[in-house]
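This report concerns only the one structure given below.
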Amino acid sequence: MSKRGKKKEEAAAAADGDKDNGAAPPAKKGKKEKEPEAPILYEDPPDKLSTKDGRAANMKITSWNVDGLRAWVKKKGLDWVREESPDVLCLQETKCSEKALPQDITSMPEFPHKYWAGSEDKEGYSGVAMLCKTKPLNVTFGIGKEEHDKEGRVITAEFPTFYLVTAYVPNAGRGLVRLDYRKTWDVDFQAYLSGLDEKKPLVLCGDLNVAHQEIDLKNPKGNRKNAGFTAEEREGFTQLLSAGFVDSFRELYPEQANAYTFWTYMMNSRSKNVGWRLDYFVLSSKLVSALCDSKIRNSAMGSDHCPITLHLAV
């Protein structure tokens, strides 16, 4: 690739904002190019609507990093949501202050209870939302630490039998400039979740900005020093699981490869299924018996992430 071409690609990547995840770097000039491989796609199987012991699912939660709420609404994201019809919809990377929210979403009668968190310092940055059909017992914002909470990354809702936490975990950034901050976040966030778990079990959903294992991204070898697949970030997720939490998708589909939730806009990555699994439903171990299914809706368009859906019997 020419210097000019490389600069153009880097500029496109930089424009991707808080994301620094993507395909492995292109092969160096001079190497014989391989024949392009046919993409290996993932097909979301039919939903399982009962637990292993036969209890019927009665709670459906959908999570989606929308990569800009206003653009996502214009791309008909809400049409998909209405078709999916979850009991709770969690959104990340809304990039929208509450006063700038589009009426299409603020007036949705399907979700009479809506909660928003945005960045205090930077307009059009970060942000999460939670839309509920049933009013939660209580809703809180952040994790109780000012250094983390000013970016609008966490909403927690208490329901009768569990907590629901939606999170947009900080990205380590281009050149890993925020990796040290991310390591601090991981420790503090785990402590917050463990504190909740002592009271009642929880569901954590959202863009956790880490591909945990090599199976969770297309090009592990080329991404070991990139945000989302560093040893430090992966270890942070391992520590979370060791603290009594379970990755619901891997619980049900331990060997399933090519199942991703994020694809960079560069290099036609989505059509080639060169992706990362960055979006999760993580459960307290006490809730695993209530797990019916954990879905990756990779055919839904409108963002550089796809939505994920959880079925529970609670």
Apply the test side-chain contact (heavy atoms from CB on, under 4.5 Å) to residues Q239 and D186: give CA-CA distance (whole Å), side-chain angles for both, the deciding distance (0.1 Å), then the verdict.
CA-CA 9 Å; Q239 290 297 324; D186 283 348; over 6 Å; no

Under the criterion side-chain contact (heavy atoms from CB on, under 4.5 Å), I'd like the reasoning laid out for M108 against L78: C-alpha separation, chi angles, the key distance, then a yes or no.
CA-CA 9 Å; M108 282 185 86; L78 290 176; 3.5 Å; yes

Please determine whether side-chain contact (heavy atoms from CB on, under 4.5 Å) holds for the pair D87 and T134, giving the CA-CA distance in whole Å, both sets of side-chain angles, and the decisive distance to 0.1 Å.
CA-CA 7 Å; D87 297 300; T134 304; over 6 Å; no

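The closest donor-acceptor contact from the side chain of Y163 to the backbone of L193 lies at 3.5 Å or more, if one exists at all. Under a 3.5 Å cut-off, the side chain of N258 and the backbone N or O of L41 do not form any donor-acceptor pair. Using a distance-only test at 3.5 Å, with no hydrogens or angles considered, a donor-acceptor pair links the side chain of T184 to the main chain of D180. Not a single donor-acceptor pair under 3.5 Å links the side chain of D293 to the backbone N or O of H311. No donor-acceptor distance shorter than 3.5 angstrom exists from the side chain of R182 to the backbone of W185, with no hydrogens or angles considered. Counting only distance, with no hydrogens or angles, the side chain of T51 and the backbone of R55 share a donor-acceptor pair below 3.5 Å. Between the D247 side chain and the F249 main chain, a donor and an acceptor come within less than 3.5 Å of each other. Judged purely by atom type and a 3.5 angstrom limit, E233 uses its side chain to pair as donor or acceptor with the backbone of G228.
Side-chain contact check for W72 versus I105: some heavy-atom pair is nearer than 4.5 Å. Counting heavy atoms from C-beta on, the side chains of I308 and W64 never come closer than 4.5 Å.
Figure legend: cation-pi geometry between R224 and F229 absent, as NZ or CZ is not positioned both under 6.0 Å from the six-membered ring centre and within 45° of its axis. Within the cation-pi definition used here (under 6.0 Å to the ring centroid, within 45° of the axis), R153 qualifies as a partner of Y168.
Aromatic ring centres of Y181 and H148 lie closer together than 6.0 Å. For W263 and W276, the gap between ring centers reaches or exceeds 6.0 Å.
Rounded to the nearest 0.5 Å, atoms OH (Y115) and CD1 (I155) are 9.5 Å apart.
For the side chain to side chain donor-acceptor pair (under 3.5 Å) test with T261, the passing option among N65, D279, N298, D216 is D279; the others fail.
Of all heavy-atom pairs between V246 and S285, the closest is CG2-CA, 4.1 Å.
Within 6.0 Å of atom CD in E43, 12 or fewer heavy atoms from other residues, nucleotides or ligands are found, so the atom counts as exposed in its surroundings. Shown here is K150, whose NZ atom has no more than 12 heavy atoms of other residues, nucleotides or ligands within 6.0 Å. The local environment of NZ in K286 is crowded, with over 12 non-hydrogen atoms from other residues, nucleotides or ligands closer than 6.0 Å.
Residues Q92 and S63 have side chains that bring a donor and an acceptor to within less than 3.5 angstrom of each other.
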